[in-house]
Amino acid sequence: QLQLVESGGGLVQPGGSLRLSCAASGFTLDYYAIGWFRQAPGKEREGVSCISGRGGRTNYADSVKGRATISRDNAKNAVYLQMNSLKPEDTGVYYCAAKMTYHGEYCSLDRYAMDYWGKGTLVTVSS
C-alpha cells in the first residue's frame, strides 16, 4: 500500500523554526519528485516547495524563498522541509505529495500534477 506520512507540525511562535518530514512506505521515492503544499483555512492549497527525484532540482514559492529548505534522503525514503523565520501567514495544513518522474530531474508545484498525497500535518504560527 502506497503511503506518505507527514510529521513535525505543531505550534510555533513567529520567528521560530520547524522541520517537517515526509516518510514514504510501500514504494521507493527514487523515481518520484516530491512537493510540499499547504492549505490555510478558507484558502486553496498552494505549492510551497518541491524537489526532483535525485535532489538535483528544487523550487520554492516566492512566499518562502530564503526561509525554507527542502531536502531528501532516498536511503531513508524521506523528504524534509526546514522552515525558518516562520510567520503567522505560514499557518496551515502542510501536505507532501509525490509525482512519478522516472529518471527525470524536475519537480512541480502544481497540485493537480501530483500522483499521491499524504494526510497532512498542521502548522500553527502564533504567539
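- For residues 74-100, the set of pairs meeting the ring-ring contact (aromatic ring centres under 6.0 Å, His included) definition, not counting sequence neighbours, is empty.
- Evaluation of the salt bridge (Lys or Arg N to Asp or Glu O under 4.0 Å) rule for E44 yields R111 as partners, not counting sequence neighbours.
- Going from atom CG of L122 over to atom OG1 of T91 covers 8.0 Å, rounded to the nearest 0.5 Å.
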Could you give the side-chain donor-acceptor pairs of residues 72-79 under 3.5 Å, partners two or more places apart or in another chain?
from	atom 1	to	atom 2	distance (Å)
R72	NE	G53	O	3.2
R72	NE	N74	OD1	2.8
R72	NH1	Y32	O	3.0
R72	NH1	S52	O	2.6
R72	NH2	L29	O	2.8
R72	NH2	Y32	O	3.1
R72	NH2	N74	OD1	3.3
D73	OD1	A75	N	3.1
D73	OD1	K76	N	3.3
N74	ND2	G53	O	3.0
N77	OD1	L29	N	2.8
N77	ND2	A24	O	3.3
N77	ND2	F27	O	2.8

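- Under the 4.5 Å side-chain contact rule for hydrophobic residues, L20 and L4 share a cluster.
- Both M83 and V123 sit in one connected hydrophobic cluster of ILVMFWY residues. Membership requires side-chain heavy atoms under 4.5 Å apart, directly or through other members.
- Y31 is connected to I34 through a chain of hydrophobic side-chain contacts under 4.5 Å among Ile, Leu, Val, Met, Phe, Trp and Tyr, so both are in one cluster.
- Screening residues 44-75 for ring-ring contact (aromatic ring centres under 6.0 Å, His included), with sequence neighbours left out, gives no hits.
- Under the 4.5 Å side-chain contact rule for hydrophobic residues, I51 and Y102 share a cluster.
- Put simply, the side chain of S49 gets close to the backbone of N59: a donor and an acceptor are under 3.5 Å apart.
- Expressed to the nearest 0.5 Å, how far NZ of K99 lies from OH of Y106 amounts to 5.0 Å.
- Shortest non-hydrogen contact noted between D110 and S108 is N-OG, 3.0 Å.
- Checked against side chain to side chain donor-acceptor pair (under 3.5 Å), S17 has the following partners two or more places apart in sequence or in another chain: N84.
- For the salt bridge (Lys or Arg N to Asp or Glu O under 4.0 Å) condition, the pairs that include at least one residue of residues 48-63, sequence neighbours left out, are D62-K65.
- The minimum heavy-atom distance between A33 and M114, with the atom names listed, is O-CE, 4.2 Å.
- Sorted by first and then second residue, the pairs that involve residues 98-127 and meet disulfide (SG to SG under 2.5 Å), not counting sequence neighbours, are C50-C107.
- Qualifying side chain to side chain donor-acceptor pair (under 3.5 Å) partners for S71, counting only residues two or more places apart in sequence or in other chains: none.
- Among residue pairs with one or both ends in residues 65-94, none qualify as disulfide (SG to SG under 2.5 Å); sequence neighbours excluded.
- Remark: L11 CG to Q13 CD distance equals 7.5 Å, nearest 0.5 Å.
- Taking both residues in full, the closest heavy atoms of L109 and A61 are given as CD1-N, 4.0 Å, listed atom of the first, atom of the second, then distance.
- Among residues at least two apart or in separate chains, there is no side chain to side chain donor-acceptor pair (under 3.5 Å) pair with a member in residues 112-127.
- Rounded to the nearest 0.5 angstrom, I70 CD1 and Q82 CD are separated by 12.0 Å.
- The list of disulfide (SG to SG under 2.5 Å) pairs with a residue in residues 64-98, not counting sequence neighbours, reads C22-C96.
- Each salt bridge (Lys or Arg N to Asp or Glu O under 4.0 Å) pair with one or both residues in residues 28-41, not counting sequence neighbours, appears once here: R38-E46, R38-D90.
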